[in-house]
Trainee: 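The structure is given below, and queries will be raised subsequently.
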Amino acid sequence: MKSFLVNPTTRLAGEIAVPGDKSISHRAVILASLAHGPTEVTGFLPSEDCLCTLRAFQALGVDIEVQDPRTLSIENRVHRLSPAREAIDCGNSGTMMRLIAGVLAGQPFRSRLLGDASLSRRPMGRIIEPLGRMGARIRAEGEKGTPPLALEPARLHGIEYELPVASAQVKSCLLLAGLTAEGMTRIVEPSPTRDHTERLLAHFGLRPLREGRAILVQGGLSLEARDLVIPGDFSSAAFWIAGAAAIRGSEVRILGVGLNPTRTGLLNVLLRMGAQIEESVVDAQGDGEPRGSLLIRGEKLRGTKIETGEIPNLIDELPVLAAIAALAEGETHIRGAEELRVKECDRIRCMVENLRRFGVPVDELPDGMIVEGGHPIRAARVRSFGDHRVAMACSILALRADGRSRIDDVECVDTSYPGFLRHLEKLSQTASPVATDWKDYLPWMQSRAERRALEGAPQFPVVAIDGPSASGKSTAAKALAQVLGIAYCNSGLVYRAITWSLIGKGLALDREMVFKTAVRQMKIECRIEENELHVQVDGKEPGEEARSPIVNAAVSRVAASSWLRERLLPIFRHLAEDRSLVMEGRDIGTAVFPATRFKFYIDADPKVRAQRRQNQGETDSIEERDWEDRSRAAAPLRRAADAVLLDSSEMTVEEVVRRMRDELRKRGFPVPEGASVP
Ligand code: DC
């Protein structure tokens, strides 16, 4: 079980771009899979939820290539869907199950939809009933209309349907079913809900008609493929918007975020509470989704009343709104939100329980809660209840607690916001006073025992060295290890050995399933011999070939796989279990050994680095590799906040090593007496 440890902070500050919009990512894959022609989707959210949708359409016969985790090429070459060989796994995603049910209800083949334990408790009656009226034959195999869902082949016809509850998922499900139905489907919403499906349908050339509260879609028309850029997810940005607005002195800028008015209800509520938010819509791209940036400055907020009519446009933001209501002066009433009881968890009950653990007085209501703000927040240990938004909302509140809090069971955060913790650290760390000496960091550090238990901190002191290609870090790291008399590990060698082996097998590196299967079957062995890391794949060492031009050209792409990186983490950490070492790479200080106290980041002017590669007689594009290493979603290259930055452009290797040795001494590393740099 993974946990977040959240330290209190005085304010949030900095600039970020949040990952791609979850709702739009699901819909983009679905509609591009139904369209004629190829679509390139950029800004895709590679979260577990959205990957389930991606895998489902691959299983239904659509060609989907993952170019990099956020860029997909989608093409349905046969202009129809084919039956999936197995049941379709919708994971934790209610959106996916409801949307894909709409697509599959009118197909000439059978399908079965499954979900995880939490999704298997969520009601599907609200789609089964209207789809049934359209002629679909769907059976819920669980109790009280819950998944799994068995869909029989059917021909659908359009209907007129008034939604009993405002729900974008149900509306979208019926619009999608309407595409395969005969005639017109007319859906009436009690109040407007997010309209991404309508905007995307228009993007793909099929504009649904709007008549007041009704939306009409004509069946049997085809969608035309068109490239798509997905904006940042407002619901992910919401944690920083609400957090920064409620923590006085904060200043956070969020870039490239979706500002679709059916999603930004939170902004109106925060403004009413006294928040300072500047919104600049930069453009609405071809897909008609407005996007832009937000600047939030922290203020003392006042409590407010959130009414039924406001709920649909801020439904996902209610957990974080409940959390920051605890920081506002006076009471905040949330009413008309019974929908929250059937989300990934019962968000009313779970948030009430967690708020109480933080010492916040709160009353639970059948359709919401009343939060009494302005009381001191106690550090607490709380659970996510398997719900990503509960985990993140509680992390925001924990920033204002009187000590370190712990949020348990946070794996679920990856369903919508991979990288949340990194952003939390970034925005709250910027706020810490700038440390001039190592000792200055100590008050913010957890006890070593705690960190070790929670983050796999090394038993023996580890020196972590990160930096871009050809920054001189390998040479310096190797020399430093010699000076210290400890092992030297080049973590890049592991990525290189894997790439070398994949290339040797003639495998297409960008076919995700092929790649995963090959890596799963690989025997990867890392050994330290004579104080240096040796890597064997299937019993063979790559030797010189690890640095061949073809490996150089492909290794960054392999290293960008978050799935692979997760598998390698324990292997890297294991190396430090029985010895001290110097390890160099891109994420050693940020992801592999984030708890070590001995971190360096070595950089150099890109021109100097390109020259160095040339001098080594290697073919490598520094610029491209930098971009790939820095922009990838999984453990991108960045300097850890507590790493010492060394610019080696005009330094000799000896100078770099000497600086590191002296800094290590200062930080309390056991540098051998008389360790001199040759
Ligand atoms: O350091 P190097 O050039 O040998 O690394 C090869 C590639 O592996 C490079 O593209 C970055 C990647 N890498 C990484 O992503 N994480 C590491 N810890 C080490 C290397």
Side-chain angles (χ1 to χ4, degrees), residues 68-69 419 422 456 458 462-478 488-503 509 515 519 524 526 532-535 537 541-576 581-594 596 599-604 606 609-610 612-640 643 648:
D68 65 58
R422 248 196 351 258
V462 163
V463 181
I465 304 183
D466 291 302
S469 294
S471 56
K473 64 182 184 320
S474 301
T475 324
K478 197 167 179 173
Y488 160 65
C489 297
N490 172 355
S491 64
L493 189 56
V494 180
Y495 294 97
R496 288 176 177 276
I498 293 169
T499 310
W500 164 78
S501 166
L502 290 167
I503 291 172
L509 301 180
F515 167 77
V519 172
I524 303 165
C526 293
E532 190 159 337
L533 174 68
H534 290 261
V535 187
V537 177
E541 269 193 50
E544 301 270 291
E545 286 176 39
R547 309 196 70 86
S548 70
I550 176 162
V551 171
N552 276 349
V555 62
S556 291
R557 244 184 312 150
V558 170
S561 158
S562 55
W563 175 85
L564 174 66
R565 303 192 79 88
E566 218 160 275
R567 286 176 87 88
L568 294 181
L569 264 189
I571 298 181
F572 289 135
R573 288 180 181 160
H574 181 70
L575 292 169
L581 43 87
V582 176
M583 190 178 283
E584 52 115 344
R586 303 293 187 284
D587 62 339
I588 310 305
T590 51
V592 182
F593 295 114
T596 184
K599 295 180 191 170
F600 296 92
Y601 187 92
I602 306 187
D603 207 343
R609 292 192 284 120
R612 283 180 187 159
R613 267 291 191 264
Q614 246 182 31
N615 296 348
Q616 288 164 338
E618 273 192 44
T619 325
D620 200 357
S621 164
I622 290 297
E623 218 173 288
E624 228 168 86
R625 186 179 296 278
D626 277 1
W627 186 85
E628 283 174 333
D629 292 346
R630 288 199 168 107
S631 65
R632 68 183 181 213
L637 171 65
R638 69 175 177 89
R639 175 161 87 90
S648 76

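Both ligands and their constituent atoms are indexed starting at 1 by order of listing. As the structure is a computational prediction, the values presented were derived from the model and not from experiment.
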Trainee: For Asp626 and Arg609, which heavy atoms make the closest approach, and how far apart are they?
Mentor: OD2-NH2, 2.6 Å
Trainee: Report the nearest protein non-hydrogen atom to atom 5 (O) of ligand 1: residue, atom name, distance rounded to 0.1 Å.
Mentor: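 The closest one turns out to be Arg586 NH2, 3.6 Å.
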Trainee: If you measure from each non-hydrogen atom of Ile588 to ligand 1, which part falls under 4.0 Å: side chain, backbone, both or neither?
Mentor: side chain
Trainee: What protein heavy atom sits nearest atom 20 (C) of ligand 1, and how far away is it?
Mentor: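 Its nearest protein heavy-atom neighbour is Gly492 CA, 3.5 Å.
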Trainee: For the residue pair Tyr495 and Phe572, categorise the inter-ring angle as parallel (less than 30°), tilted (30 to 60°) or perpendicular (more than 60°).
Mentor: tilted
Trainee: Please identify which atoms of ligand 1 are closer than 4.0 Å to at least one heavy atom of Asp629.
Mentor: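 Near Asp629, meaning under 4.0 Å from one of its heavy atoms, ligand 1 has 9 (C), 10 (O), 11 (C).
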Trainee: With backbone taken as N, CA, C and O and side chain as the heavy atoms from C-beta onward, which portion of Glu624 lies under 4.0 Å from ligand 1: side chain, backbone, both, or neither?
Mentor: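 Contact part for Glu624 vs ligand 1: neither.
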Trainee: For ligand 1, which atoms have a heavy atom of Ser556 less than 4.0 angstrom away?
Mentor: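 Taking each heavy atom of Ser556 in turn, ligand 1 has 10 (O) under 4.0 Å.
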Trainee: Suppose we measure from atom 12 (C) of ligand 1 to each protein heavy atom; which comes out shortest, and what is that distance?
Mentor: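 Heavy-atom neighbour on the protein nearest atom 12 (C) of ligand 1: Ala559 CB, 3.6 Å.
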Trainee: Could you identify the single nearest non-hydrogen protein atom to atom 16 (N) of ligand 1 and state the distance to 0.1 Å?
Mentor: Arg565 NH2, 2.8 Å
Trainee: Tell me, do Val494 and Ile571 make a side-chain contact under 4.5 Å, heavy atoms counted?
Mentor: no
Trainee: Going by the order shown, which atoms of ligand 1 are within less than 4.0 Å of some heavy atom of Gly585?
Mentor: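 Once the distances to Gly585 are compared, the set is 17 (C), 18 (N), 19 (C).
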Trainee: Look up atom CZ in Phe593 and atom CG in Leu575, then write down how far apart they are to the nearest 0.5 Å.
Mentor: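 If I round to the nearest 0.5 Å, the distance is 7.0 Å.
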Trainee: A quick test of your reading: do over 12 heavy atoms of other residues, nucleotides or ligands sit less than 6.0 Å from NE2 of His574?
Mentor: no
Trainee: Check whether any side-chain heavy atom of Arg586 lies under 4.5 Å from a side-chain heavy atom of Lys473, and answer yes or no.
Mentor: yes
Trainee: What protein heavy atom is closest to atom 19 (C) of ligand 1, reported as residue, atom name and distance in Å?
Mentor: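 For atom 19 (C) of ligand 1, the nearest protein heavy atom is Ser491 OG, 3.2 Å.
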Trainee: Rounded to the nearest 0.5 Å, how far apart are CG of Asp603 and CG of Leu637?
Mentor: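 Nearest 0.5 Å value for the CG-CG distance: 8.0 Å.
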Trainee: Between Arg612 and Thr475, is any side-chain donor less than 3.5 angstrom from a side-chain acceptor?
Mentor: no
Trainee: Show which atoms of ligand 1 fall inside a sub-4.0 Å distance from at least one heavy-atom site of Arg613.
Mentor: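 Ligand 1 atoms under the 4.0 Å threshold to Arg613: 3 (O).
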Trainee: Quick test: of every protein heavy atom, which one is nearest to atom 6 (C) of ligand 1, and how far off is it to 0.1 Å?
Mentor: Arg496 NE, 3.7 Å
Trainee: Taking Asp587's backbone N and O only, do any of them form a donor-acceptor pair with Asp466's side chain (distance below 3.5 Å, no angle check)?
Mentor: yes
Trainee: What do you reckon, does Asp587 have a nitrogen or oxygen under 3.5 Å from a nitrogen or oxygen of ligand 1?
Mentor: yes
